[in-house]
Student: 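Below you will find the structure I want to go over with you.
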Amino acid sequence: MEGREDLKSILEYLPVVVRTWNLFWPSQVVEALKALARGPEHSGVHSGELLFSAISDLRCSLSLSSHPLPPSAPHGYALFFDELMSRAEARKWFGEVVPALANLLLRLPSLLELHYQNADALINGVRDGVKTGLRLLHSQEAGIVFLSQELISALLGCSLFCLFPINNRGAKHLPTINFDLLFTTLYDSYNEKQENKIRCIIHYFERISFHMPKGYVSFERKVLPQEHGPLSISYPKASFWSNSAIPLCRFEVHSSGFIENQSSGALEVDFANKYIGGGALHRGCVQEEIRFMINPELIASMLFMPSMADNEAIEIIGAERFSNYTGYASSFRFSGDYVDKRDTDSLRRRKIRIIAIDALCSPGMRQYKQKLLLRENNKAFCGFFHQSKYQQYKRLFRESGCSGIQPHSDVKDSNDVYSNNLLSHEARITSVETCGGKSVHKVIIDSEEILSLDNEDDVGIATGNWGCGAFGGDPEVKTIIQWLAASQALRPFISYYTFGMKALQNLDQVTQWILSHEWTVGDLWNLLVEYSLQRLKGETNDGFFTWLLPSLLTHDTEMLDSPIMS
């Protein structure tokens, strides 16, 4: 444990203490947890009021009293566990679940030590491989963390008991991690959706208390570097999109259904806040927050993932779903147990792929400026692009007759090793290929030991009205942006869930018409830019779809009137 930089970076944000590089709980905490583990007859904790009292004692033993919890927090715990929970549920909770959680927390130091012992060899079985240890994944530092589901459950137990120190979390742009505000909000302004958010969390703890899952979850910060360099694709400029000859991918429209229920194995978009999780642990209850409630292991990302910059995305693979639900926002309700039957990959992660990308908030007319169109396109591209696609980029250039391949001037040795590459143990830097002024920077993957899932080529994008609704984005523009990004990222398809939005009622017709013309990413991007300029100048108030079809009508009336080819 000594000298581990990953542990050093996260240690001040963990509730355990370290001495001679051994992790442990203070003795008072051990005794208190042991009492809770023996059940309510021994600990006396058989109500929400007494549970909060025990939590306060634990916090005092960890010297957390200098940052007191909100005054309404104890009332929130008492309200939920003593009034909203049935007597039968409460007996089970205090008699069985709380003791199991206390035993789990007693094991947190050993779970962390085991995690760090195995972290460096998790991917390829050798030391000094891909770094996967729990650490702060700072902004602009691409990296990945692998956590066992058991360790995640212990960390979330600390959140329930409000044991995480909050010193400097704001300064590091880290989101909330303790659960106190969930209960505070329940008491201060009671509503059913807040109660049902907590019911999802409580159900998760009940499930893991009786059957601990044995898989892993990975959390990756993806970055498109702002500066051009030889090691990765950098943040694209407008000309990148304007000149792209990549064909548009298949587009599937779903007028009903939900992203999380898709069965095609696609990468599922989290309509994220720049602070991962958004209002999940506050009063928020829209797309991202609901996902964090039904897949609570996602909450672990809030411990160590600072806010996202414009050129960043966060990908999480393996977070299991535990709850069913109905409704949305104020009508959200927990509706019982959910048994997740998705397969696992070779790294023991469930094949649940979630990508968090944050859209512009309340952009108004500014969203039509090319700079902000570029920001949104690049944000989605950062999330959708997979580094294993470099080989396909190379093949596409070759098949299109490109020539003049030259090594990048910064690369002195084509066998340079990019040790921090997230997809392989070794990657050889090659060149930039040029075709008619179009360039793509690429890295050839040499190792088969990649972090991608099996059959990565088949993984499309499952998304919906990203950045619309409360964020105020134009749904037609946002749809096109996601299509452009998915196509440029060489994803085979995009499955779009409209959630019945009226503005998208003709989406299937429009996208199939566009596909019938075999447009490229560059073609569609250029039309989107032209439309947006007209919106800014006040030359049109039409939506993009209405503007697009009449503008093409004079050029191709026959095609427009002909049956849409699938």
Side-chain angles (χ1 to χ4, degrees), residues 142 220-225 232-252 259 262 264-272 308 310-317 353-359 373-397 399-400 421-423 433 438-445 450-453 455-464 466-467 478-496 511 514-515 519-525 528:
E220 179 183 352
R221 182 177 287 273
K222 304 174 73 172
V223 181
L224 287 176
S232 60
I233 288 182
S234 58
Y235 194 77
K237 297 180 180 179
S239 58
F240 173 94
W241 295 102
S242 181
N243 294 328
S244 173
I246 301 293
L248 294 167
C249 68
R250 188 171 82 251
F251 200 105
E252 304 168 355
I259 294 170
Q262 61 86 26
S264 61
L267 181 65
E268 302 169 6
V269 177
D270 166 16
F271 307 162
M308 289 180 277
D310 287 348
N311 62 329
E312 296 181 320
I314 294 172
E315 183 169 337
I316 303 173
I317 300 177
R353 312 161 171 94
I354 296 173
I355 186 67
I357 49 175
D358 58 300
L373 288 175
L374 184 62
R375 187 270 183 199
E376 298 294 77
N377 240 44
N378 287 345
K379 171 64 73 166
F381 180 62
C382 179
F384 299 168
F385 182 69
H386 197 284
Q387 299 292 344
S388 64
K389 298 293 184 184
Y390 275 113
Q391 287 281 24
Q392 287 179 257
Y393 265 111
K394 180 184 179 183
R395 185 167 63 252
L396 279 170
F397 274 95
E399 290 174 353
S400 61
N421 190 283
L422 301 182
L423 300 160
E433 297 182 346
K438 305 166 191 174
S439 65
V440 172
H441 193 89
K442 64 190 189 314
V443 174
I444 304 302
I445 305 301
I450 61 176
L451 305 190
S452 57
L453 296 176
N455 302 316
E456 184 66 37
D457 286 347
D458 299 329
V459 178
I461 303 296
T463 189
W466 171 63
K478 283 293 196 294
T479 299
I480 297 301
I481 283 173
Q482 293 185 86
W483 192 11
L484 292 169
S487 301
Q488 188 67 32
L490 304 180
R491 295 290 180 171
F493 65 87
I494 186 167
S495 288
Y496 196 100
T511 53
I514 291 172
L515 285 169
W519 286 353
T520 65
V521 167
D523 294 332
L524 187 54
W525 165 262
L528 183 62

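All of these numbers come straight from a predicted model, not from anything done at the bench.
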Student: Do any N or O atoms from the side chain of Tyr235 and from the backbone of Pro225 form a donor-acceptor pair under 3.5 angstrom?
Tutor: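 Not confirmed, Tyr235 side chain does not pair with Pro225 backbone.
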Student: With a 3.5 Å distance limit and no angle check, can you tell me whether Ser487 reaches the backbone of Cys249 through a side-chain donor-acceptor pair?
Tutor: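 Confirmed, Ser487 side chain pairs with Cys249 backbone.
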Student: For Asp358, what residues pass the side chain to side chain donor-acceptor pair (under 3.5 Å) criterion, not counting sequence neighbours?
Tutor: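 So Asp358 forms a side chain to side chain donor-acceptor pair (under 3.5 Å) with Arg375, Lys379.
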Student: To the nearest 0.5 Å, how far apart are CZ in Phe385 and CD in Gln488?
Tutor: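 The distance works out to 9.0 Å.
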Student: Begin with the C-alpha distance, continue with both residues' side-chain angles, and end with the deciding distance and a verdict on side chain to side chain contact (heavy atoms under 4.5 Å, CB included) for Leu484 and Leu528.
Tutor: CA-CA 10 Å; Leu484 292 169; Leu528 183 62; 4.2 Å; yes
Student: Are Pro236 and Leu224 packed together at the side-chain level, in the sense that at least one heavy-atom pair is separated by less than 4.5 angstrom?
Tutor: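 Side-chain contact under 4.5 Å: yes.
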Student: Between Ala272 and Met308, what is the shortest heavy-atom contact and its length?
Tutor: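 Closest approach of Ala272 to Met308: CB-CE, 4.1 Å.
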Student: Over 60° means perpendicular and under 30° means parallel, so tell me whether Trp241 and Phe381 are parallel, tilted or perpendicular.
Tutor: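 Rings of Trp241 and Phe381: perpendicular, as their planes differ by over 60°.
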Student: Could you go through Leu267 and His386, starting from their C-alpha distance and side-chain angles, then the distance that decides it, and tell me whether this counts as side chain to side chain contact (heavy atoms under 4.5 Å, CB included)?
Tutor: CA-CA 11 Å; Leu267 181 65; His386 197 284; over 6 Å; no
Student: Nearest 0.5 angstrom please: Leu373 CG to Ile480 CD1, how far?
Tutor: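 It is 11.5 Å, given to the nearest 0.5 Å.
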Student: As a quick check of understanding, evaluate side chain to side chain contact (heavy atoms under 4.5 Å, CB included) for Ile461 and Phe493, giving each step before the final call.
Tutor: CA-CA 6 Å; Ile461 303 296; Phe493 65 87; over 6 Å; no
Student: To the nearest 0.5 Å, how far apart are CD1 in Ile259 and OH in Tyr496?
Tutor: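 The distance works out to 8.5 Å.
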Student: Is any side-chain heavy atom of Asn311 closer than 4.5 Å to a side-chain heavy atom of Asn378?
Tutor: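 With C-beta onward as the side chain, the pair stays apart.
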Student: Can you measure from CZ (Arg250) to OG (Ser495) and round to the nearest 0.5 angstrom?
Tutor: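 Between atom CZ of Arg250 and atom OG of Ser495 there are 7.5 Å.
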Student: Rounded at 0.5 Å granularity, tell me how far CD1 in Ile355 sits from CD1 in Ile317.
Tutor: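 So the gap between those two atoms works out to 8.5 Å.
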Student: Do any N or O atoms from the side chain of Ser244 and from the backbone of Phe240 form a donor-acceptor pair under 3.5 angstrom?
Tutor: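 No, because the side chain of Ser244 does not come within donor-acceptor range (under 3.5 Å) of the backbone of Phe240.
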Student: Could you check whether any side-chain heavy atom of Thr463 comes within less than 4.5 Å of a side-chain heavy atom of Phe271, counting everything from C-beta outward?
Tutor: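 SC-SC contact between Thr463 and Phe271 confirmed.
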Student: Look at the side chain of Lys222 and the backbone N and O of Gly383, then say whether any donor-acceptor pair between them is shorter than 3.5 Å.
Tutor: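 Judged by distance alone, yes, a pair lies under 3.5 Å.
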Student: Would a distance-only check, ignoring hydrogens and angles, find a side-chain to backbone donor-acceptor pair under 3.5 Å from Arg491 to Val459?
Tutor: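 Side chain of Arg491 to backbone of Val459, a donor-acceptor pair under 3.5 Å: yes, one is there.
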Student: When you measure from the side chain of Gln262 to the backbone N and O of Ser264, does any donor-acceptor pair fall under 3.5 Å?
Tutor: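 Yes; judged by distance alone, with no hydrogens or angles, the pair exists.
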Student: Before giving the answer on side chain to side chain contact (heavy atoms under 4.5 Å, CB included), spell out for Ile514 and Phe251 the whole-Å C-alpha distance, their side-chain angles and the decisive distance to 0.1 Å.
Tutor: CA-CA 10 Å; Ile514 291 172; Phe251 200 105; over 6 Å; no
Student: Find the distance between CG (Leu248) and CH2 (Trp519) and round it off to the nearest 0.5 Å.
Tutor: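 Rounded to the nearest 0.5 Å, the CG-CH2 separation comes to 9.0 Å.
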